[in-house]
Amino acid sequence: MKILLVEDEEKIARYIAKALTAEGHTVETIHKGDEGLKAATTRPFDIILLDLALPGCDGIEILRAIRNRSVATPVLIITARGELPDRISGLDLGADDYLPKPFAMEELIARVNALTRRKGTDSSPLLRVGDLVLNETTRDVIRGTTKLYLSLREFGLLNFLMRHMGRAFTRTELCEHVWKSALDDETNAVDVYIQRVRRKVDEDFPVKLIQTVRNVGYKIEAPAA
Ligand code: CA
């Protein structure tokens, strides 16, 4: 699991990161609220651990911002007992769990694992290929930190390719699956839409995700690093 930890107390942050890393998770620690907000809203994480009192922008603001942008990542609030009145507003705003400081590390790990299991049973609306993230519920498409604006047909095509990442489809298959119909000049139509999607998804980025497969058609895949 890729975990974002937003916690300004460096000693506590190090302690948490070390314990979760030992559990096999990847932890990215951010000490400032505004930077945490940016990371949480622009990059994919499996779980976000959020302190409330933070410099720059507090945890409640971060939580509000990520839920407003329909980021569905589970959020576990970890905060001092003095900040307990915030508990209600935190859960109201869409936090998934709450852990008051100080806490035993076993307790934190148990909560993280519980959120992981809960996430696993939902069908996540997020599809990811490299740094490209598509939200099937909100229809947001983000590459790195850039929001992309796709037409309905472009979105349908990209959504289908991302759902079947790594698999190549012929133009005819794409027509049938994406648009549920045979278009008059389907070869040309698919090429036109692929070209449009490429312009938005790949043109301004060094790593190209949409790939032409010779004698077949197209697929989407992040090239091996
Ligand atoms: Ca704090």
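We use all heavy atoms of the structure for the numbers below, so side chains are in, but hydrogens, waters and symmetry mates are not. Note that ligands are numbered from 1 as they come in the structure, with each ligand's atoms numbered from 1 the same way.
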So that I can check it, does any N, O or S atom in A53 come closer than 3.0 Å to the Ca ion (ligand 1)?
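It does: A53 brings an N, O or S atom closer than 3.0 Å to the Ca ion (ligand 1).
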
If you look at D51, which of its N/O/S atoms is nearest to the Ca ion (ligand 1)?
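The closest N, O or S atom of D51 to the Ca ion (ligand 1) is OD2.
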
Of all N/O/S atoms in D8, which lies nearest to the Ca ion (ligand 1)?
OD1

Would you indicate whether the side-chain heavy atoms of V27 and K18 approach each other to under 4.5 Å?
no

Is it the case that more than 12 heavy atoms not belonging to K2 sit under 6.0 Å from its NZ atom?
yes

Please determine if R163 forms a cation-pi arrangement with F160, meaning its NZ or CZ atom is less than 6.0 Å from the six-membered ring centre and no more than 45° off the ring axis.
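Because its charged atom misses either the 6.0 Å distance or the 45° angle limit, R163 does not stack over F160.
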
Name of the residue among K208, R143, R196 meeting salt bridge (Lys or Arg N to Asp or Glu O under 4.0 Å) with D202:
R143

